[in-house]
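Residue numbering restarts at 1 for every chain, and letters A, B, ... go by the order of the sequence lines. Because only heavy atoms are used, hydrogens play no part in the values below, and waters and symmetry mates are left out as well, while side chains stay in.
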Protein chains: 2
Amino acid sequence: MNNSLPKSAGPAGLAGTASSRVFDNLRKDLVGGRFVAGEKLAINALKDRYQVGLSPLREALNKLAAYGLLVQENQRGFRVPKLSRDELDDIAQMRLEMEGMALERAIANGDSLWEADLLAAAHRLKRADITLDKGEEWEHLHTQFHRTLVAPCGSVWLLRFIEQLHDQFDRYRRLGPKMPTIRQELDEQHHQLVELALQRDAKMARELMDDHIHKSYEVALKRYQEHV
Amino acid sequence: MNNSLPKSAGPAGLAGTASSRVFDNLRKDLVGGRFVAGEKLAINALKDRYQVGLSPLREALNKLAAYGLLVQENQRGFRVPKLSRDELDDIAQMRLEMEGMALERAIANGDSLWEADLLAAAHRLKRADITLDKGEEWEHLHTQFHRTLVAPCGSVWLLRFIEQLHDQFDRYRRLGPKMPTIRQELDEQHHQLVELALQRDAKMARELMDDHIHKSYEVALKRYQEHV
DNA sequence: TTAGACAAGATAATCGATTTTTTAATCTAC
DNA sequence: GTAGATTAAAAAATCGATTATCTTGTCTAA
């Protein structure tokens with residue numbers, strides 16, 4: 001028997017350790033808005049919540065702080081970063097620049113395997129949407145779709161930054177309840193993005209991507225403003 | 001008495017903890033090339049080297065892994081990331097895009113305080129160069145200069161990514177011994193960058209920045225090729 | 001020979017307890 | 001009353017020891 005099934009999607013292919021498990025779970029919960037922004041984390045409570053000892057928990061918290069999903073202060077532990085309009089604008093602006101760049105490069109580099117992956121990812125996403133999002137399913141497939149879209153951009157660092165920005169952006173977008181109406185419009189764009197990618201129309205694809213991020217930004221902003 | 005002196009330049013204003021101290025030191029050493037690329041880190045040896053216990057050491061290693069200066073694998077600890085031509089190209093390319101963008105924005109936003117800071121940073125850097133680099137002095141002032149140059153770009157995330165890319169780039173640039181000849185040429189450009197920034201000539205400044213990064217890239221590439 | 005099983009040693013990860021520092025509450029002097 | 005000192009409780013950071021996993025070398029059976 002071998003360990004071919006990755007049990008964790010942590011930093012790299014880290015599997016199995018308590019630290020990586022709690023990292024994954026905490027990351028999901030932070031991105032999914034299950035903590036209050038600005039909140040101070042009570043480490044002992046987290047120990048219970050994630051069923052893990054102190055050492056692996058602290059290691060996970062340290063990683064998340066370095067990743068930007070937590071802030072760590074002097075000798076007073078960890079807290080969930082505050083949200084701000086300025087930061088949301090910053091994140092959205094950066095997404096525009098970086099995902100636009102990545103998409104153009106991906107369209108230039110992507111091979112036919114990419115085309116297949118893209119179609120598959122879009123299909124899975126659409127199907128999940130019909131069944132109306134049981135749990136985190138749609139979120140995961142959505143992330144996966146955007147990841148696939150830019151995957152062959154040729155820059156490991158660009159992909160890394162984009163991923164990080166997505167996590168940060170989702171802290172805003174996923175405030176409050178779901179909005180199926182707007183989602184439909186955004187889902188429409190996902191398919192148009194695939195179309196344009198397959199046609200290798202980099203210019204139009206980038207414009208659509210800009211629009212897509214703009215629309216998502218408006219959703220996120222609304223959520224943020226309602227949430228305050 | 002208060003604690004107005006920051007004792008550490010860690011992730012945020014983290015001061016005092018053993019973890020943050022060892023994080024800073026390890027980061028310096030990794031960026032400065034005092035570890036062999038690809039090397040597996042012997043945690044017990046690090047404990048002695050940095051005079052610190054296992055827990056804070058592991059926390060620092062976890063942070064560095066999330067930051068990208070280490071890689072962490074399954075259940076077999078930490079290692080220093082390998083170097084590769086492809087990655088160097090990627091990093092340099094990303095620096096071109098991001099620092100160019102940041103510089104343009106900084107020139108648009110920077111106030112007169114920035115101008116003063118910039119002149120000061122350039123002066124300190126030049127002076128350190130004359131006294132011929134005692135220890136890490138020049139490196140630190142160099143980092144500081146580039147940081148100051150883009151500081152008022154208005155994007156926290158852009159600054160963060162640039163910082164990260166600098167650390168990665170320096171893993172290549174700082175292989176092997178110093179090269180005073182080329183450094184002189186690069187130092188020249190630092191002053192021209194200040195000139196153009198003060199004149200608010202964004203276009204020329206960006207071109208010069210591109211050239212500056214290109215030249216640095218050539219140095220780094222040479223080092224890398226000699227180092228293999 | 002050589003692939004696979006096994007055991008011993010080394011290393012990584014985790015635990016439980018201790019030390020240090022912060023926080024909050026109370027007290028005291030003005 | 002209020003600023004500052006004092007101290008008890010809480011929380012963070014760290015330590016020392018334990019447990020789990022990997023690695024290496026040796027052996028055995030085909």
Sugar-phosphate, base or nothing in reach of [X], heavy atoms under 4.0 Å:
| X | result |
| --- | --- |
| Leu41(B) | sugar-phosphate |
| Ile43(A) | sugar-phosphate |
| Lys40(A) | sugar-phosphate |

Take atom [atom1] of [X] and atom [atom2] of [N], then tell me their distance rounded to the nearest Å.
| X | N | atom1 | atom2 | result |
| --- | --- | --- | --- | --- |
| Lys63(A) | dA13(C) | NZ | C1' | 11 Å |
| Leu57(B) | dA13(D) | CG | P | 16 Å |
| Arg79(B) | dA12(C) | CZ | C1' | 13 Å |
| Glu59(B) | dA13(C) | CD | P | 14 Å |
| Asp48(A) | dC15(C) | CG | P | 13 Å |
| Glu73(B) | dA13(C) | CD | P | 10 Å |

- Query: If you pin Pro56(A) and Asn44(B) to their nearest nucleotides in DNA chain C, which one's is more 5'?
  - Reply: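 Nearest nucleotide further toward 5': that of Asn44(B).
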- Query: Just to confirm, is there a sub-4.0 Å distance from OP1 or OP2 of dA13(C) to any side-chain nitrogen or oxygen of Arg58(B)?
  - Reply: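 Result: yes.
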- Query: Is there a side-chain polar atom (N or O) of Arg76(B) under 4.0 Å from OP1 or OP2 of dT11(C)?
  - Reply: no
- Please indicate whether His166(B) has more than 12 foreign heavy atoms, meaning atoms of other residues, nucleotides or ligands, lying under 6.0 Å from its NE2.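 Count over threshold, so yes.
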- Message: Under a plain distance cut-off of 3.5 Å, with no hydrogens placed, do Trp157(B) and Glu87(A) share a side-chain donor-acceptor pair?
- Response: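 Their side chains do contain a donor-acceptor pair, which is all the 3.5 Å distance test asks for.
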- Task: For Asp90(A) and Ser155(B), test the side chains for any donor-to-acceptor distance below 3.5 angstrom and give the result as yes or no.
- Result: yes
- Verdict with reasoning, Arg27(A) to Asp24(A), per salt bridge (charged side-chain N to carboxylate O under 4.0 Å, His left out): CA-CA 5 Å; Arg27(A) 177 180 165 180; Asp24(A) 291 343; 5.9 Å; no
- Task: Report the nucleotide, chosen from dA17(C), dA17(D), dT21(C), that has the shortest atom-to-atom distance to any side-chain atom of Leu54(B).
- Result: dA17(D)
- Message: Side chain of Ser55(A) only, heavy atoms from C-beta on: which candidate in dT14(C), dT14(D), dC15(C) is closest?
- Response: dC15(C)
